Structures are given as C-alpha cells and as structure tokens.
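If you read the sequence from its start, that first residue is 1, and numbering goes on from there. These figures come from a predicted structure and were not determined experimentally.
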Amino acid sequence: MSLTLAYGVQLLSSHHLLDEVITPEHWSLDVNGIDNADVPFAHITYDTRAVREGTLLVCKGRFQPEFLDGLEDRGLVAYVSERDYSDYTDVPGLIVNDARKALSLLSAAFYGMPQNELKVIGITGTKGKTTTAYFTQAILNAHSDGRCAMFSSVDNCLDGHTYVESELTTPESLDAFRMMREAADNGMRYLVMEVSSQAYKVDRVHGLTFDVGAFLNISPDHISDIEHPTFEDYLYCKRRLAYNARAFVLNADADHADLIREDAQAAGIPLMDFALRTDGSPADAALVARPANAGHSAFHIAANGHDLGEFSLSLAGDFNYANALAAVALAHEAGVPFDSAAMHAMESVRVPGRMELFTDTDGDIVAIVDYAHNYTSVRALIDFVEQRYGERKPRITLVTGSAGNKAFDRRQEIVEAAQDRIARFVFTAEDTDTEPYIDICNEMLGHVTNGHVGTAVIVDRVEAIENAVRDARSHNGLDVILIIGKGHERWIKDLNSHVAYEGDDCVVERLLNMA
C-alpha cells in the first residue's frame, strides 16, 4: 500500500501516536476535507535540504520552525511533528506524541514494508557485534548463493558483495528502510544488522520485528549525558531486542544472562544458548566450542552434543570463537542446517580494522590494529597478546585515545585495563565533536597511577604511531604495539566533521615495510 496522507493518519492512529491533524483552518482526527489526501507521497525525509516535489517531512530533533521557509515552493505537501507549525506553513500537519517512532513507521510504509521480503537478523552486545555480523553474513551468503545484505558499524552491504563504509552502527530508521528496500530489490533474502543500544534509545528500529536476535555480552559502556545516563538504562535498551524478535540467541556466559532468559520467556520466543569452553568445564549450552589444540588455532564446535567438526578462523583470539558460535546459532535459526558446509564459510572472514596483525621483516615487532575502545575489549586484546606471545615476554605499547563529548567512563577504563600489563601508553587523537583532543589525552594521562608504565601524549595520530614504532625498534626482543579505537577508518571526526586520515592499518603497514 502506497503511503498517502490518509494512510499515514490511519497508521499513526493505530499505533496511538497521532494527536490530531492540523491545517491553518481546522483541527481534526482525520483528513476529511483535505485535498489530495489519497495521493501517494513521492518522497519522505527528515532533512529540509532534501525536500522536493511531493515530500512528507518528519520534523524531529532540534527542528526550528524557520526551517519551513520556502519549502512549499519546493514541493512540501505535509509534515509530521510533535508541535503545530500552522503559523509557518499552509500544508497539513500530522501532530504526533513521538516523532521518532512516527518516522520509523512511516518510513517502513513508504518503502513498502521491505522487512517482510527479508529474513532479518539483529545482533546486540557491548562487543563482538561487527565480527558476528560478518561471520553470519558469510554463512548465509554461502547458503543462499550470495543473497545476504548487512548493516554494520564498519560497512553496509546491500547486494551481498559490495561494501560501503557506514556512518552509524544502526542507521536512522528512514535510511534503514530505504536500504532494506534496495537490498530486497537486489534480490537479497537475508539481512544481518547490528542493533546498538542507541537504536532502541532513539527509536531507530521502532516497529521492526527481527526474525532472529542475538545478545552477545554486556559491560558498562556508552554511559554519558548524551547516551545512557546509567548502566541500567544501557542494559535495558539492549534487552529490547528480545521483545522484538521471533527467536533469540544468547551467550550463556554473558553478565545478566538469567535476566535475558527471563526476557525471552516473557516475550514467548524460543532461545538457543552458546558457550565458549577453554578449561574443560561442562558443556552447559546448546552450542559449545572447545580448543582443538594447545595453541587455540582451531576449535571444535558441538551442537546439542553432536560434533560439527573443526573450525579455524582467520581472525585471531579466543573471543572470536564466541562470536563464531553466535553466528552458527543465528544462521541455524535463520534456516541453515548445523551440518551444512556453509557454516565453514566464516573461517576465511577478515573484518577491516578487527584484529589486523602486522609484522616487520625480522618478526621482532608485531602491530595489532583493532577497534577495542573500552575496559572489556582492551583486556581481551591484551589477554590475546599474552596467550599468543607470552613465551617471548613481549614489551607492549598501547596507542589509544577516546571519543570526545561522550562515553567519558571509557577514558579511565582503558587505562585501568592496561596500565598494569603494558610497558607504555601513547595517548593520541580519536574522534570528537567539540572537545579538544589534548584535553582528552591529558585526562587519560591523569588516570595513570602505575609509576612503572611509560607515557607520552602525541595528539597527531600518525606521529603517535610513528613514535611507537620508532620506540619499538630501539629495543631487543619482541615489541607488540596495540593501536586501538579507529580500525580501518579513513577519517577522524573533529568539530563535527570528518577529516581525511590515512588509516591505522595503512600507517602501520607503511612503517613496518620501511627498510
């Protein structure tokens, strides 16, 4: 059904979002007497700069009535808002009690409910979402001859093979449904998407029911005045996925796993759990992975006690086998048999900016580029270094910054996760809106309490990496440089703008290949 003014009123009313329909002459609960109420909108947007002929504009966020000036001449035919703008425009207004929820529902309708043409898989958790999404897409692509789309914090893929850098972990609702429509029109049968806590906090996925959802883990993150005021709020938003899914996958070892089980039970949906077991402990989950050798370079995966074989991932780290278990469970719930050869498609997956290892020609310097950005992920990264290189007693340097204007707790957490286990910090720029890089670096420096760890503040990120490599070359033995927070991104956010940046991976590769 095409989105018209009349259908929009009906849709919003059925979801208890509509307050009234307003024109300069009349307030009503319906569109009787409004011309062209049954004419489909040609365009929908929340950006006044994109208004053109036949546009429905959703006014959300910090919208100012002055933004409406001249829009009728450009083709504005109606607006959706939480307040009356009839003093500024003659077009009809649909007044709602929540513009963000309205945007999501109207966007889905405008693009023809594309989610109904896809099997949609949603993944949430503090860490591992992106890797799990890539693993799951690889399995589903192998199963469906390349017909799985993906939305991730790294890339979006709408045709099963072309990857374009993304801007948000979970896209704004209008953008998400637009991309779903493109994916469905491209012949995609599946969509794998990361679902951030903010996606539920600001209603980017309102009204969307996932065919399968996954909860990977939880640890304090994104706690700030502009994100989540408390850990409870952060967890609550993550938990919403269970109430908006038809089946669920859960890491049995996640903090608050019992609460998530209660959520799935309350939602009346089936739940499959998984667990990584590296110490011989009982197989107390439906899916279990255990090391296949002492070096943990491969793992056996068993489903309900039945061995599915040996899996060897291209991505290093035990924690990635937990992500692999989640992917196997998600793919199975989406229709892939446990014993399908497609399950092994994830073995060759590499994720840009995730656990990318670089080594100099002598093998005495190892650099790892990763998106680690909080206590849990930094600790897991150092655990990997100690497991893989511990016998060589590596000297570890951490090149890190932290996001500006948000998630202020990360700055101390990163330091606390690393300072008793590394030789040196190099604090540098990451991303910020308006907060100066140097202030963030100095704040992190102030959290260092271990007098034995070296420190440096070098705001320019390329210079910081160059300094770490130069310092590593001055020592005998193995030096491991951990460069975290930016991955393969080719920009650094400064003053709300993306500034071109070479990329951590490119900088490291260039430096280590130098004679």
* Candidate pair N156 and S152, rule side chain to side chain donor-acceptor pair (under 3.5 Å), full reasoning -> CA-CA 6 Å; N156 295 323; S152 85; 5.5 Å; no
* Asked: Should the pair H296 and F299 be assigned to parallel (<30°), tilted (30 to 60°) or perpendicular (>60°) ring geometry?
  -> perpendicular
* Examine distances only and state if a side-chain atom of D273 and a backbone atom of A286 form a donor-acceptor pair shorter than 3.5 Å. => yes
* **Flag for N374-T376: side-chain donor and acceptor within less than 3.5 Å** => no
* Asked: Does one side chain, of T432 or D494, offer a donor that lies under 3.5 Å from an acceptor on the other?
  -> no
* Asked: With a distance cut-off below 6.0 Å to the six-membered ring centre and an angular limit of 45° from the axis, does K119 pair with Y190 as a cation-pi contact?
  -> no
* To do: Looking only at non-hydrogen atoms, find the nearest pair between A417 and I382 and report the distance.
  => O-CD1, 4.0 Å
* Name the orientation class of the two ring planes belonging to F231 and H256 (parallel below 30°, tilted from 30 to 60°, perpendicular beyond 60°). => tilted
* Structure fact -> side-chain hydrogen bond (donor to acceptor under 3.5 Å, both in side chains) test vs S197 passes for just one of R239, H228, R240, namely H228
* **Candidate pair E117 and R181, rule salt bridge (Lys or Arg N to Asp or Glu O under 4.0 Å), full reasoning** => CA-CA 9 Å; E117 301 171 42; R181 168 48 56 205; 2.7 Å; yes
* Structure fact -> Heavy-atom nearest pair, N405 first then R411, reads N-NH2, 3.7 Å
* **Donor-acceptor pair, side chain of Y321 and main chain of L313, under 3.5 angstrom** => yes
* Are side-chain N/O atoms of Y134 and D155 paired as donor and acceptor at under 3.5 Å? -> yes
* Does M188 reach the side chain of L158, with side-chain heavy atoms less than 4.5 Å apart? -> no
* To do: For salt bridge (Lys or Arg N to Asp or Glu O under 4.0 Å), just list the numbers for D433 and K406, CA-CA rounded to whole Å, side-chain angles, deciding distance to a tenth of an Å, and then say yes or no.
  => CA-CA 9 Å; D433 290 338; K406 63 180 183 179; over 6 Å; no
* Applying salt bridge (Lys or Arg N to Asp or Glu O under 4.0 Å), run through D233 and K238 and close with a yes or a no. => CA-CA 9 Å; D233 183 70; K238 293 281 192 187; over 6 Å; no
* Please walk me through it: do M355 and F319 pass side-chain contact (heavy atoms from CB on, under 4.5 Å)? -> CA-CA 11 Å; M355 291 300 292; F319 51 87; 3.8 Å; yes
* Could you walk me through whether D284 and R277 pass the salt bridge (Lys or Arg N to Asp or Glu O under 4.0 Å) check? -> CA-CA 10 Å; D284 49 359; R277 294 288 175 258; 2.8 Å; yes
* Would a distance-only check, ignoring hydrogens and angles, find a side-chain to backbone donor-acceptor pair under 3.5 Å from T124 to F215? -> no
Enumerate, atom names and distances included, each donor-acceptor pair closer than 3.5 Å involving a side-chain atom of residues 337-344, sequence neighbours excluded.
unit_1 : atom_1 : unit_2 : atom_2 : d
S340   : OG     : A342   : N      : 3.1
H344   : ND1    : E347   : OE1    : 2.9

* Which atom of L478 lies closest to which atom of I365, heavy atoms considered -> CD1-N, 4.4 Å
* Asked: Where is the tightest heavy-atom contact between F248 and A245, given as atom of each residue plus distance?
  -> CD1-CB, 4.3 Å
* To do: Kindly say whether A302 contributes a backbone atom to a donor-acceptor pair with the side chain of D307 at under 3.5 angstrom?
  => no
* To do: Considering only NZ, NE, NH1 and NH2 on the basic side and carboxylate oxygens on the acidic side, decide whether E466 and R461 come within less than 4.0 Å.
  => no
* Scan side-chain atoms only and decide if R290 and T278 contain a donor-acceptor pair under the 3.5 Å cut-off. => no
* To do: Check D505 against R490 and note the closest heavy-atom contact, atom names and distance.
  => OD1-NH1, 2.7 Å
